[in-house]
Amino acid sequence: MARKSAKKSTSAKSGQESVFQRVFGTLWRGFLSISIIAACIGTLAVAGYAVYLDRIVRTQFEGVRWELPAQVYAKPLELYPGYSFSQKELMNELDRLGYREDELLRGAGAYHVKGSAIDMHIRGFGYWDGEQPSKRVRAHFSESSVATLTDLDSDDAVSLLRIDPLLIGSIYPSHGEDRVLVKLDEVPSMFSAGLILIEDRRFLKHWGVDPVSIFRAFVVNMKAGRVVQGGSTLTQQLVKNFFLDNRRTMWRKVTEAMMAVLLEIHYDKREILEAYINEVYVGQDGSRAIHGFGLGSYFYFKKPLKELQPHEIALMVALVKGPSQYDPRRRPKITKQRRDLVLDEFHKEGFITTEEVEEYKSRGLGVVGKAGSTSQYPAFVDLVRRQLHGQYVDDDLTSEGLKVFTTLDPRIQAQAEKHIADGLTELEKSRGLKEGTLQAAAVVTSTDGAQVLAVVGGRNPRYAGFNRALDALRPIGSLAKPVSYLAALRQPERFNLLTLLEDEELELPQRDGSIWRPQNYDKRYRGEVSLHQSLERSYNIPTVRLALKTGLPNVVRTFEDLGFKRRVMAVPSLSLGAIDMAPLEVAQLYNTLATGGYYSPLLSINSVTTKDGEPLSHYQLELKQAVPEGPVYLLNWALQRVMRVGTARSAYSQLPRTLNTAGKTGTTDDLRDSWFAGFSGSRLTVVWLGRDDNKPSKFSGSQGALKLWTRIMKDIENDSFSPPIPDDVETFPFNPNDIEHDDDDACDDGPAFPVPFIRGSMPEDYEPCDVDGFGGSRKRDPLDWFWKIFR
Amino acid sequence: MINIKSLLILFSAVCLLAGCAGRSAPPQQKPVTVGYETGSVNRGSSAPRQNYRFDSPRKIEEGSSAAVVTLWRQYQLEADADKTQRATATLERALRIEPRNPFLWQQLAKIKLDQEQPRQAVAMARKSNSLAVGNPYVQLGNWRIIHEAKDQLDDDSGADFAEERIEFLEEAIARKGTRGG
């Protein structure tokens, strides 16, 4: 029984076992099947994911790898024998361009001062009209101009030398990524080797992921108890920057590793390294993210990557670990420690000798200027961007790497910026105003070339905010007066410079029933004044009367002819400046006056090329004779007198008296806006001064804007204003202070000056002074009877 | 009427050539409206009132800096190779160095004429004239451009006026030439 029972028990046990085995077997098989199926599905999914990643890697890497912002360049400096440009000015220019002092001129971007000469190794550059190769030239100076230029290799005389232009900014996309593309061939070999040495020693050996580095980093981090070393290869860093976000998840790490391997399968190490050099984030400039060492080199050292010295290369390589942590401008001490560490590594690897490493470590960081702006010249680049928008779509501007050659003259821009900032501080002090109360804007143009040479958008020229030069629409006050006078002088049968204007109380009923009573600035009435005196002294009442006599539609038309594009209201107060304009609009208006009545749209761009130098657009000079030369000549005669004897005469306390200029002051109600617009024979400058809150600035045009204008014009290169006398203009000697003109005894009251008239328009009752050669001894003209026949 | 006009032209020319116009010439007619509303120049007489200097530069090489002459030669090479855009850019580069060089403005006017932009051509030729006061050679070239441009614009009176200026200047230059000047 027991046996039976045992047998039974054995058989029951074996039955249980077989059930268990069957169940287990079934489960196991099921598990295996599921596992196999899952593995298959997993493999398929991974494979599918890999295929998906592979497509992303190849598409993005082979297509447009980066959005390349348009690079904006200043006007290149042209040197030639006889050019009025001092040795010091050239040294400043070369420093601005990041040229280094090197007696042996090793490599482009070097110069050496030798007595009255400067030897230069000029950089090669791709201009709109073709590539200009690198060149070694000696410039000899005599006093303050270039005497000779000599090619140092051939010893030939050079008649014209163009120096590579300053990169002044870029037009980058809204997400703020900015970069300058470099090719691996342009990268110094020490840079590539150094980068690999510090960031990924085994770069040339691994397949995108480096288990050795990962293990080493794991051990180091475990020992330290925190993350002190990363195991990512350069390829993984590139993948992270190029394709992925910054989330630290396991899945992202897996994706990063897969993509790194895929990248290595498809592309060689040179391509990957070049991509890394162009992609890596190296700094921040306001909202602008500095990507790639190409731009980084300009950002920190103001020169191309290929010209970096070993200690500068070491700094760039050192930055990669953490551009915020090792910001050389904000944290120079800690950054120098890291740079020296990198230099030590360079030495250990034999890149530099023991003497060199000590010498380089003794040097400062050598980083230029201050960051904190979005561009060096935001106000000017803003103008460039607006002029480009009509022709190029945003995407092209921010992603195609276009090269934009502009008209900005960095020397004039620097002077304008300096004098606006310093001048405002002085003016504030003179009136006991808190520093920062006043604002100002300025525009400088080359008159005949119609080029915008400088734009200052406010007292902090690096601030890329409100651009007052383009957007501050303010009443222009008496700057509008010359337009009314020009409209009048276009009617020579009615008006000339000596025409008498009534200066008596004036009441003008308005459409709303109110009465407008314009007043002179000094609240006085003078009975009668001559037309030119009224302009010189900026009298209001005679101006309004003149505009009304001339016809307001004629005044409006003259505004339009001079180049003002917006609608002008034909109201009497227009003649006193009841019209809002931005400084750039005023510059356009006055530029037409400065060129004798020839209107050219002001240009800020000369040409645009593709990133490879293929010409895309050339902005040709356009010209239109907007106003006849004669009346403009007459007006400019009066505007020159504004400078010599009128409201702007204080300018000559600083300007050389040999420099002829013409201009006009402008002041608005309650001294809110202070304006000055004036020109020499080659440059026009417009200055606005006021407050952003539109409260009174407490400065008239001559007390405020004129002071800034004078400072700027004094320090920039100018030709004297001496317009040729047009065919249809003749001059007669008068005493300009005599307002009757019908009695030549009045000539005894003061010196006679040649007063221009439109030919044949001098009224018969005028008696010119009998002066031989205007200012010589007075004597009767023996042919007087003869001339009178023809009058 | 024609005779009086011709006499006036001749008289003016003789005065000018003989240096009688040493001081600014006096008014020769009663005050009249001189057509400014249409933007044209004084048409009271076709004879320009200028003191012409017959030793003025005839070619750009004679009156320009070496830098501009270098660019001028580059311009000519580019123009000969039909690289019109590049040639124009070179000329404008020269103009940035010497913005008041009448030869450069004249050449730009010629380019505009070739590009069938007669209004631009007239404006640039006039600008060149205004910078070449006293230079009969440059002005003659400019009036020829203006004449052709006015023809393109079907502006008969403008073309006639230009033709009068051309005849006057050609005659003045020829007279000077026969005097050995």
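Chain naming here is simple, since letters A, B, ... match the order of the sequence lines and numbering starts at 1 in each.
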- Item | Straight-line distance of Y80(A) OH to E98(B) CD, nearest 0.5 Å | 6.5 Å
- Task: Considering non-hydrogen atoms only, spot the tightest contact between L623(A) and Q120(B) and give its length.
- Result: O-NE2, 2.6 Å
- Note on the structure: Nearest heavy-atom approach of E629(A) to R126(B) is OE2-O, 3.8 Å
- Task: Please flag which part of D719(A) lies under 4.5 Å from any non-hydrogen atom of chain B: side chain, backbone, both or neither.
- Result: neither
- Task: Against chain B, label Q451(A) side chain, backbone, both or neither, depending on which of its atoms sit under 4.5 Å from a heavy atom there.
- Result: side chain
- Sort T407(A) into side chain, backbone, both or neither according to what part of it lies under 4.5 angstrom from a heavy atom of chain B. neither
- Message: Please classify the contact of Q74(B) with chain A as side chain, backbone, both or neither, using a heavy-atom distance under 4.5 Å.
- Response: side chain
- Measure E622(A) against the heavy atoms of chain B and call it side chain, backbone, both or neither at under 4.5 Å. both
- Message: How close do A123(B) and Q625(A) get, counting heavy atoms only, and between which atoms?
- Response: CB-N, 3.9 Å
- Within-4.5 Å side-chain heavy-atom neighbours: D448(A) and K127(B): yes
- Query: Do other residues, nucleotides or ligands put more than 12 heavy atoms under 6.0 Å from the NZ atom of K624(A)?
  - Reply: no
- Item | Part of L95(B) within contact of chain A (heavy atom distance under 4.5 Å) | side chain
- On a heavy-atom basis, the closest approach of L621(A) and M124(B) is O-CE, 3.4 Å
- Message: Is it the case that over 12 heavy atoms from other parts of the model lie below 6.0 angstrom from the CZ atom of R119(B)?
- Response: no
- Query: Roughly how far apart are D129(A) CG and L71(B) CG, rounded to 0.5 Å?
  - Reply: 9.0 Å
- Residue selection (most heavy-atom pairs with chain A, distance under 4.5 Å) from R100(B), Q117(B), K112(B): R100(B)
- Could you tell me whether K135(A) atom NZ has more than 12 heavy atoms of other residues or ligands within 6.0 Å of it? no
- Contact summary for R165(B) and D727(A), nearest pair of heavy atoms: NH1-OD2, 2.9 Å
- Is chain A contacted by the side chain of K83(B), its backbone, both, or neither, given a heavy-atom distance below 4.5 Å? neither
- Once you round to the nearest 0.5 Å, how far does CD1 of I97(B) lie from CD of E78(A)? 4.5 Å
- Task: Please report the shortest heavy-atom distance between P724(A) and V133(B), naming the atom on each side.
- Result: CB-CG2, 3.3 Å
- Under 4.5 Å to a heavy atom of chain B? For Y619(A) that would be backbone
- Residue R494(A) excluded, over 12 heavy atoms near CZ under 6.0 Å: yes
- Message: Is it true that, when you exclude E148(B) itself, more than 12 heavy atoms of the residues, nucleotides or ligands shown sit nearer than 6.0 Å to its CD?
- Response: no
- Under a 4.5 Å heavy-atom cut-off, does chain A meet the side chain of Q85(B), its backbone, both or neither? both
- Query: At a heavy-atom separation under 4.5 Å, does R86(B) approach chain A through its side chain, its backbone, both, or neither?
  - Reply: both
- Task: Return yes when atom CD of E131(A) has more than 12 non-hydrogen atoms of other residues, nucleotides or ligands closer than 6.0 Å, and no otherwise.
- Result: yes
